[in-house]
Visitor: 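Handing you this structure, nothing more for now.
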2 protein chains.
Amino acid sequence: MKPSTSIQDYLKRIYELTENGSPASTNDLARELNIKPASVTGMIQKLASEKPALLEYQKHQGVTLTSAGKKAALEVIRHHRLLETWLVQTLGYSWDEVHEEAERLEHVISEDFERRIAAALGHPLRDPHGELIPTADLKMPLDDSTPLSALRKNQSGKILSIKGADADLLRHLDGLGLTPNTMIEVTDYSPFDHNLSIKVNKKNIVLGLSITSKIFIEES
Amino acid sequence: MKPSTSIQDYLKRIYELTENGSPASTNDLARELNIKPASVTGMIQKLASEKPALLEYQKHQGVTLTSAGKKAALEVIRHHRLLETWLVQTLGYSWDEVHEEAERLEHVISEDFERRIAAALGHPLRDPHGELIPTADLKMPLDDSTPLSALRKNQSGKILSIKGADADLLRHLDGLGLTPNTMIEVTDYSPFDHNLSIKVNKKNIVLGLSITSKIFIEES
DNA sequence: TATAAAATTTAGTCTTGCCTAAATTATTTT
DNA sequence: AAAATAATTTAGGCAAGACTAAATTTTATA
Ligand SMILES: [Mn+2]
Ligand SMILES: [Mn+2]
Ligand SMILES: [Mn+2]
Ligand SMILES: [Mn+2]
């Protein structure tokens, strides 16, 4: 059976929160889902005790996805990212507008719809934010990108993706020309505040850690 | 507040069932919605007693839409028919495949999405089944079509629309060449069984009432 | 017009998914 | 290591929207 919309959103957030390897905490999930922690506890207990469990859960220790849970999460993420790509390409959405629409559509499109847009788009590898799109057989491609925040003076590369869906940040970056596929070069690093000076399109700008940690680079 | 998916489906069905002027009965609604009559009674009582009532309801007399209810119904119908048109045009769905997909998407697209597909399609007047699409300000255009079942020998015209969403019937009609915009001519009428003999694309076929009552014609 | 059949409503229950308040466990601070 | 704070879980509740079984009302039939 296909998981409910709520469950799909839980699984997707858990996937994202556990990408770093550590379990997702009740509170982090509650914050991401805009649901009270007590409710999250209830749901994760339920998901952990389904016939094929979707989560691995130990009281007070947070949760990780089982392989069944990961598969379900990747299904939703594939829908989301293909939809974003589709909306931008065919309806002229800008990259900061698509997220909310995809957030609702992802739960209701059929597998047939998924196949049709994937084919129409030529089976794209990345969405408009540069995020990798899980394959049709639900594997997440390897990500060889580095956060901009890890680069130092004289290192350079191409922007691959912007993580996190905050529309205001996306519009701000768009204004600075910081979009996927743009070449950048680090011209200076400031310790203590971790500011980076970078050159983009001949212009020099300075970015704080809260921005550089969300921009991912393919080094060159 | 936007009505829930369930409520939207109730309103849409009530709109369709009351197009002939008479109220929609509890049982008819239950059949159309695949919901037990007892549940339908509960829902229509609720909808009839909302702050601005969506339904006019009198016990045992069925329901009709108030103007607020009609507006909400037309919103959903506009979404549905624009979506069907868009899916056929941009993703190559055939006219017998689109209905189910639109049935789910209609509840989750934004008004922005609605505007974008309407514009991309050039503000179409009819969907792939020939059904009229409510306008952006939620008026249903006048329908000047006649059911094929009302035509008699030597009358002719163009197929405007096929009512009812049964995919099997649509595929059958497609096989016979009976699609919107096709010209037809009635060559004979058989009383008692109400069969019509018609000429389409040079071929003669005989159709029963259960089919002719679903095909709508612009007489010529 | 009395009875039978069909349609509709009432009453009570269930599931899903959320909430608040209170209790418990884990983590920091002193 | 105790006390304070933070995180998490438990307990109890609520709203939406469906269901079944039983009661009622309407309509059709004899
Ligand atoms: Mn899929
Ligand atoms: Mn979502
Ligand atoms: Mn629907
Ligand atoms: Mn609309």
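Excluded from the calculations below are hydrogen atoms, water molecules and symmetry mates; all remaining heavy atoms, backbone and side chain alike, are included. For clarity, every value in this text was computed on a predicted model and none was experimentally measured. Throughout, protein chains are lettered first and strands after them, A, B, ... in sequence-line order, and every chain is numbered starting at 1.
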Visitor: Starting at atom NZ of A:Lys59, determine the distance to atom P of D:dT10, rounded to an integer number of angstrom.
Guide: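 In whole Å, D:dT10 P and A:Lys59 NZ are 4 Å from each other.
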Visitor: Ignoring hydrogens and geometry beyond distance, is a side-chain donor-acceptor pair present between B:Asp112 and B:Ser110 at under 3.5 Å?
Guide: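 Not at all, the side chains of B:Asp112 and B:Ser110 share no donor-acceptor pair under 3.5 Å.
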Visitor: Produce the list of close N/O pairs, under 3.5 Å, pairing protein atoms with atoms of nucleotides 4-7 of chain D; give distances to one decimal.
Guide:
none

Visitor: For a side chain to side chain contact (heavy atoms under 4.5 Å, CB included) check, start with the C-alpha distance between A:Val63 and A:Leu29, then their side-chain angles and the critical distance, and finish with the verdict.
Guide: CA-CA 10 Å; A:Val63 292; A:Leu29 262 174; 4.2 Å; yes
Visitor: Carefully, step by step, assess A:Leu173 and A:Ile215 under the rule side chain to side chain contact (heavy atoms under 4.5 Å, CB included).
Guide: CA-CA 10 Å; A:Leu173 295 181; A:Ile215 299 176; 4.3 Å; yes
Visitor: How would you list, by chain and number, every residue that makes a side chain to side chain donor-acceptor pair (under 3.5 Å) with B:Ser190, sequence neighbours excluded?
Guide: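 If we apply the side chain to side chain donor-acceptor pair (under 3.5 Å) test to B:Ser190, skipping adjacent residues, the hits are B:Asp193.
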Visitor: List the steps, then state whether side chain to side chain contact (heavy atoms under 4.5 Å, CB included) holds for B:Leu11 with B:Leu65.
Guide: CA-CA 8 Å; B:Leu11 296 174; B:Leu65 294 170; 3.7 Å; yes
Visitor: Expected output is a numbered-order residue list: members of residues 2-24 of chain A with a heavy atom under 4.0 Å from any atom of DNA chain D. What is it?
Guide: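 Heavy-atom contacts with DNA chain D come from no residue of residues 2-24 of chain A; none.
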Visitor: Of all nucleotides in DNA chain C with an atom under 4.0 Å from a non-hydrogen atom of chain B, which is the first and which the last going 5' to 3'?
Guide: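 Contact boundaries, 5' end first: C:dA7 to C:dT10.
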Visitor: Output every pair passing salt bridge (charged side-chain N to carboxylate O under 4.0 Å, His left out) with a member in residues 56-77 of chain B, not counting sequence neighbours, ordered by first then second residue.
Guide: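 As it turns out, there is no salt bridge (charged side-chain N to carboxylate O under 4.0 Å, His left out) pair with a partner in residues 56-77 of chain B once direct neighbours are skipped.
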Visitor: Under 4.0 Å, heavy atom to any atom of DNA chain D: which of residues 30-43 of chain B qualify?
Guide: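 Heavy-atom contacts with DNA chain D come from B:Ile35, B:Lys36, B:Ala38, B:Ser39, B:Met43.
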Visitor: Filter on ring-ring contact (aromatic ring centres under 6.0 Å, His included), then keep only pairs touching residues 20-79 of chain B, sequence neighbours left out; what's left?
Guide: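 Listed by first then second residue: nothing to list.
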Visitor: Could you tell me which residues satisfy side chain to side chain donor-acceptor pair (under 3.5 Å) with A:Ser25, sequence neighbours excluded, listed by chain and number?
Guide: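 Once residues adjacent in sequence are excluded, the partners of A:Ser25 under the side chain to side chain donor-acceptor pair (under 3.5 Å) criterion are A:Asp28.
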Visitor: Enumerate the residue pairs fulfilling ring-ring contact (aromatic ring centres under 6.0 Å, His included) with a member in residues 95-121 of chain B, sequence neighbours excluded, ordered by first and then second residue.
Guide: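 Passing the test, one end in residues 95-121 of chain B: B:His80-B:His99, B:Trp86-B:Phe113, B:Trp95-B:His129.
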Visitor: Given D:dT8, is OP1 or OP2 found less than 4.0 Å from the side-chain N or O atoms of A:Gln45?
Guide: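 Looking at the OP1 and OP2 atoms of D:dT8, neither is under 4.0 Å from any side-chain N or O of A:Gln45.
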Visitor: Considering residues at least two apart in sequence or located in another chain, which fulfil the side chain to side chain donor-acceptor pair (under 3.5 Å) criterion with B:Lys214?
Guide: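 Checked B:Lys214 against side chain to side chain donor-acceptor pair (under 3.5 Å); zero matches.
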Visitor: Which salt bridge (charged side-chain N to carboxylate O under 4.0 Å, His left out) pairs, counting each pair once, include a residue from residues 93-111 of chain B, with sequence neighbours left out?
Guide: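 Residue pairs passing salt bridge (charged side-chain N to carboxylate O under 4.0 Å, His left out), neighbours aside: A:Arg116-B:Glu97, B:Lys12-B:Glu103, B:Lys12-B:Glu106, B:Arg13-B:Glu103, B:Asp96-B:Arg171, B:Glu101-B:Arg104.
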Visitor: In sequence, state the C-alpha distance, the side-chain angles, and the governing distance for B:Leu160 and B:Ile217, and then conclude on side chain to side chain contact (heavy atoms under 4.5 Å, CB included).
Guide: CA-CA 5 Å; B:Leu160 280 183; B:Ile217 305 295; over 6 Å; no
Visitor: Could you tell me which residues satisfy side chain to side chain donor-acceptor pair (under 3.5 Å) with B:Ser22, sequence neighbours excluded, listed by chain and number?
Guide: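 Only B:Asn20 meet the side chain to side chain donor-acceptor pair (under 3.5 Å) criterion with B:Ser22.
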